[in-house]
Amino acid sequence: MRKTLDFLYTGAAWLAALFMIGVLVMVLLSMLGRALQFYVPGTDAYAGYAMAGAGFLALAHTLKSGEHIRVTLIIGKLTGGARRGLELWSLSVAVVLAGLLAVYAWRLAWQSHQFHDISTSADATPLWIPQILMGVGTTVLLVALVDEWVLELRRKRSHDSVETRHE
């Protein structure tokens, strides 16, 4: 199971990297278009979709790599059961919030599909297509947070602080 989860997080990160390359391609295409006097409709919109996709798809890998910004002012001073309790509480809140975010991201994509909602820019892209990336990214984040919660519950979660790892 661990290999499957790690593959999921890494796969989402690779997709995020590909979408970042997509941002670069769209920006370069737009710049070349201005310089060489040709217009490609939708480059700004597609750059935005790719940026949003990259951001959401990278969330889980960033969490699992310990790269999310975390304020440890209180939890860093706690030890034993108090720390574990606060870790479980904060992870529980994060799971609930990520779950809500995932549900509403998928709901948004579904409603955009039902209502045939399209982009107002020149590309007229059906909005459910880029919104799927938000649904996938938030769902993978939810899986990663549940993974962290289970690891904490089983006392197998690393409590190395970000400061310790990066010094």
(message) If you define the side chain from C-beta out and look only at heavy atoms, does anything of Leu29 sit under 4.5 Å from Phe38?
(response) yes
(request) Determine the minimum heavy-atom distance between Ala50 and Gly22, stating which atoms define it. (result) CB-C, 4.3 Å
(message) If I take atom CH2 from residue Trp128 and atom CD1 from residue Ile118, how far apart are they, to the nearest 0.5 angstrom?
(response) 14.0 Å
(request) Output the distance between atom NE2 (His61) and atom OG1 (Thr10), rounded to the nearest 0.5 Å. (result) 4.5 Å
(request) Taking the side chain as every heavy atom from C-beta outward, state whether Asp117 and Pro126 have any pair of such atoms under 4.5 Å apart. (result) no
(message) Does Tyr39, at its OH atom, have more than 12 non-hydrogen atoms belonging to other residues, nucleotides or ligands within less than 6.0 Å?
(response) yes
(message) Using side-chain heavy atoms (C-beta onward) and a distance below 4.5 Å, is Leu151 in contact with Arg2?
(response) yes
(message) Within the structure provided, determine whether Leu88 and Trp149 are in side-chain contact (heavy-atom separation under 4.5 Å).
(response) yes
(request) Check the hydrophobic clustering (I, L, V, M, F, W, Y; side-chain heavy atoms under 4.5 Å; chains of links allowed) and say if Leu141 and Leu8 are grouped together. (result) no
(message) Looking at Leu28, I'd like to know if its CG atom is crowded, meaning that more than 12 non-hydrogen atoms belonging to other residues, nucleotides or ligands lie closer than 6.0 Å.
(response) yes
(request) Nearest 0.5 Å please: distance from the CZ atom of Arg83 over to the CD atom of Glu152. (result) 8.5 Å
(request) Of all the heavy-atom pairs spanning Ser121 and Ala45, show the shortest one and how long it is. (result) OG-CB, 3.4 Å
(request) Could you tell me which non-hydrogen atom of Glu148 sits nearest to which non-hydrogen atom of Leu63, and how far apart they are? (result) CG-CD2, 4.2 Å
(message) Testing the basics here: between Ser119 and Asp123, what is the closest heavy-atom pair and its distance to 0.1 Å?
(response) OG-OD1, 3.2 Å
(message) Looking at every non-hydrogen atom in both residues, tell me the closest pair between Ala98 and Leu145 and how far apart they are.
(response) CB-CD1, 3.5 Å
(message) If only side-chain N and O atoms count, and only distance matters, is there a donor-acceptor pair under 3.5 Å linking Trp106 with Thr138?
(response) no
(request) May I ask you to check whether Gln131 and Ser112 show a side-chain donor-acceptor distance below 3.5 Å? (result) yes
(message) Is any side-chain heavy atom of Val40 closer than 4.5 Å to one of Ser30?
(response) no
(message) Please determine whether residues Met31 and Met20 belong to a single hydrophobic cluster, defined as Ile, Leu, Val, Met, Phe, Trp and Tyr linked transitively by side-chain heavy-atom distances below 4.5 Å.
(response) yes
(request) Answer yes when Lys64 and Asp6 have at least one side-chain N-carboxylate O distance shorter than 4.0 Å, and no when they do not. (result) no
(message) When you compare the side chain of Val23 with that of Phe19, does any pair of heavy atoms fall below 4.5 Å?
(response) no
(request) Report yes or no: do Leu142 and Met134 belong to one cluster of Ile/Leu/Val/Met/Phe/Trp/Tyr joined by side chain heavy-atom distances under 4.5 Å? (result) yes
(message) Any non-hydrogen side-chain atom of Trp110 less than 4.5 Å from a side-chain atom of Arg107?
(response) no
(request) Give a yes or no on whether the backbone of Leu153 and the side-chain of Arg84 come within a donor-acceptor separation of less than 3.5 Å. (result) yes
(message) Grouping I, L, V, M, F, W and Y whenever their side-chain heavy atoms are under 4.5 Å apart, do Leu101 and Val140 come out in a common cluster?
(response) no
(request) Establish whether Leu133 and Ile129 are linked, either directly or via other cluster members, by ILVMFWY side-chain heavy-atom contacts under 4.5 Å. (result) yes
(message) To the nearest 0.5 Å, what is the distance between CG on Leu15 and CZ on Phe56?
(response) 15.0 Å
(request) Compute whether any side-chain donor of one residue and acceptor of the other, for Tyr9 and Ser65, lie under 3.5 angstrom apart. (result) no
